[in-house]
Amino acid sequence: MYRHIIWDMGGTLVDTYPQVDHMLARVGYATDQPSSAQLSEVARLRTTSIDHAMETLARVYGADIDEMRREYAALKEYWKTHPAPVMGGATTVMDAVHEAGGLNLIATHRDRESAETLLAGLGLDVDDMVCAPDGLPRKPDPTMLTTLMERHDLNPATVICVGDREIDIEAAKAAGCRAFLLDHRGEEPGTIKVLSELIPVLDGRA
């Protein structure tokens, strides 16, 4: 029976990527109105990492990587007073976890100050969080996940991990947890289109 969830943050628990993608496309292609093709290319690059997207845009299109970094820092400052929205279905799933006596945990590459500010602004109640900049290796290394499970004495067989990138899935599998990839197309096995699809898993129906 699955009782606990380890969440990725940006792009999974919080819907940050539309704003990030628009910023990267705007600066990367030097346009005020990025096309759908440009946004799609940025989204594809960003699935590896935001740094990878910036570096590729700088290398291929001559974009100013320092400007992109400044704009991203400004966006994170903006989120302190205007948080990116919670991903659809997230609060329903989090409530179901708590009602079943489980824990909502976060493993993120985001720095702690930024992550805590975002969570506070959204009013999200999480039970614990580990952040890679605190000195833990980044995913796909499973250390962030195993750290949380060891800290709370959790059996991996009771833990679901959900993220929006393949590195989240690789980390979860290496930690012995069941993994779900949030992909709004939902075309591949093991993917979910919306977070509410986790409810039957928590109920033991899937």
Side-chain angles (χ1 to χ4, degrees), residues 1-22 24-25 36-53 56 84-98 100 102-110 115 118 122 124 126 129-130 132 138-146 148-149 154-206:
M1 184 74 173
Y2 298 103
R3 296 184 60 200
H4 317 284
I5 296 182
I6 300 179
W7 301 86
D8 177 51
M9 196 168 182
T12 303
L13 192 57
V14 185
D15 195 9
T16 53
Y17 285 145
Q19 294 176 61
V20 172
D21 290 350
H22 190 273
L24 290 173
S36 58
Q38 289 169 334
L39 289 168
S40 293
E41 182 178 18
V42 165
R44 179 181 58 78
L45 295 172
R46 188 256 307 143
T47 56
T48 298
S49 72
I50 292 172
D51 282 343
H52 172 74
T56 302
V86 178
M87 191 69 73
T91 54
T92 299
V93 177
M94 293 177 78
D95 287 346
V97 168
H98 280 153
L103 299 176
N104 286 299
L105 308 168
I106 290 178
T108 180
H109 290 172
R110 187 180 296 269
L118 194 52
L122 293 169
L124 290 176
V126 300
M129 175 171 64
V130 293
R138 296 165 69 92
K139 306 167 193 172
D141 188 290
T143 301
M144 285 198 288
L145 310 184
T146 56
L148 285 168
M149 290 189 289
L154 304 182
N155 183 338
T158 67
V159 178
I160 294 169
C161 296
V162 57
D164 64 295
R165 294 186 291 171
E166 287 296 335
I167 59 172
D168 299 308
I169 306 309
E170 291 173 22
K173 290 179 178 178
C177 302
R178 186 172 180 183
F180 288 91
L181 179 70
L182 179 62
D183 180 345
H184 299 295
R185 297 166 300 175
E187 296 172 347
E188 300 295 329
T191 64
I192 53 175
K193 288 184 179 181
V194 292
L195 292 174
S196 57
E197 291 180 51
L198 295 172
I199 295 292
V201 181
L202 292 167
D203 290 345
R205 293 182 282 122

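A quick note: this is a predicted structure, and the numbers were derived from the prediction, not measured.
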Note to self: Please report the interatomic distance CH2(W7) to CD1(I160), rounded to the nearest 0.5 Å.
What the structure shows: 9.0 Å

Next item on the list: Taking all heavy atoms of A107 and all of M144, pick out the closest pair and write down the distance.
Entry: CB-CB, 4.0 Å

Next item on the list: Apply the test side chain to side chain contact (heavy atoms under 4.5 Å, CB included) to residues I192 and D183: give CA-CA distance (whole Å), side-chain angles for both, the deciding distance (0.1 Å), then the verdict.
Entry: CA-CA 6 Å; I192 53 175; D183 180 345; over 6 Å; no

Check: Got R3 and V159 here, is their nearest side-chain heavy-atom distance under 4.5 Å?
Finding: no

Next item on the list: Quick one: closest heavy-atom pair of A96 and I199, and the distance?
Entry: CB-CD1, 3.7 Å

Check: Can you name the nearest heavy-atom pair linking P156 to G176, along with the distance?
Finding: CB-O, 3.5 Å

Item checked: Close side-chain approach of L118 to V14, heavy-atom, < 4.5 Å -> yes

Note to self: Test your reading of the model: is there a side-chain donor-acceptor pair from H109 to the backbone of K139, 3.5 Å cut-off?
What the structure shows: yes

Check: Do the non-hydrogen side-chain atoms of T108 and M129 ever get within less than 4.5 Å of each other?
Finding: yes

Check: Can you check whether C161 reaches I6 side chain to side chain, under 4.5 Å on heavy atoms?
Finding: yes

Checklist line | Single hit among L198, V126, V201 for side chain to side chain contact (heavy atoms under 4.5 Å, CB included) with I5 | finding: L198

Checklist line | Inter-residue atom distance I167.CD1 - D164.CG, 0.5 Å rounding | finding: 8.5 Å

Notebook entry, point to check: Is a donor on one side and an acceptor on the other found under 3.5 Å between the side chain of T146 and the backbone of T143?
Noted result: yes

Next item on the list: Mind checking the CG-OH spacing from L24 to Y17? Nearest 0.5 Å is all I need.
Entry: 10.5 Å

Checklist line | Interatomic distance, T56 atom OG1 to L45 atom CG [nearest 0.5 angstrom] | finding: 5.0 Å

Notebook entry, point to check: Quick one: side chain to side chain donor-acceptor pair (under 3.5 Å) partners of R44, sequence neighbours excluded?
Noted result: none

Note to self: What I'd like to find out is whether the side chain of P85 reaches to under 4.5 Å of the side chain of Q19, using heavy atoms alone.
What the structure shows: yes

Check: Is there side-chain contact between I169 and K173, with at least one heavy-atom pair below 4.5 Å?
Finding: yes

Notebook entry, point to check: Can you list the steps and then say if I106 with M9 is a side chain to side chain contact (heavy atoms under 4.5 Å, CB included)?
Noted result: CA-CA 7 Å; I106 290 178; M9 196 168 182; 4.3 Å; yes

Check: Side-chain contact, heavy-atom cut-off 4.5 Å: L195 with M87?
Finding: yes

Check: Roughly how far, to the nearest 0.5 Å, is CE of M94 from CG of L124?
Finding: 5.0 Å

Notebook entry, point to check: Between H98 and N104, does a side chain to side chain contact (heavy atoms under 4.5 Å, CB included) hold up when you go through it step by step?
Noted result: CA-CA 7 Å; H98 280 153; N104 286 299; 3.3 Å; yes

Checklist line | Closest non-hydrogen atom pair between A25 and L39, with its separation | finding: CB-CD2, 3.8 Å

Check: Rounded to the nearest 0.5 Å, how far does CG of N155 lie from CE of M149?
Finding: 9.0 Å

Note to self: If you compare all heavy atoms of A90 against all heavy atoms of L13, which two are closest, and at what distance to 0.1 Å?
What the structure shows: CB-CD1, 3.9 Å

Next item on the list: Taking only Lys NZ, Arg NE, NH1 and NH2, and the carboxylate oxygens of Asp or Glu, determine whether R165 and D8 approach each other closer than 4.0 Å.
Entry: no

Next item on the list: Answer yes or no: is there a side-chain heavy-atom contact under 4.5 Å between L103 and L154?
Entry: yes

Notebook entry, point to check: Could you walk me through whether V86 and T91 pass the side chain to side chain contact (heavy atoms under 4.5 Å, CB included) check?
Noted result: CA-CA 8 Å; V86 178; T91 54; 4.1 Å; yes

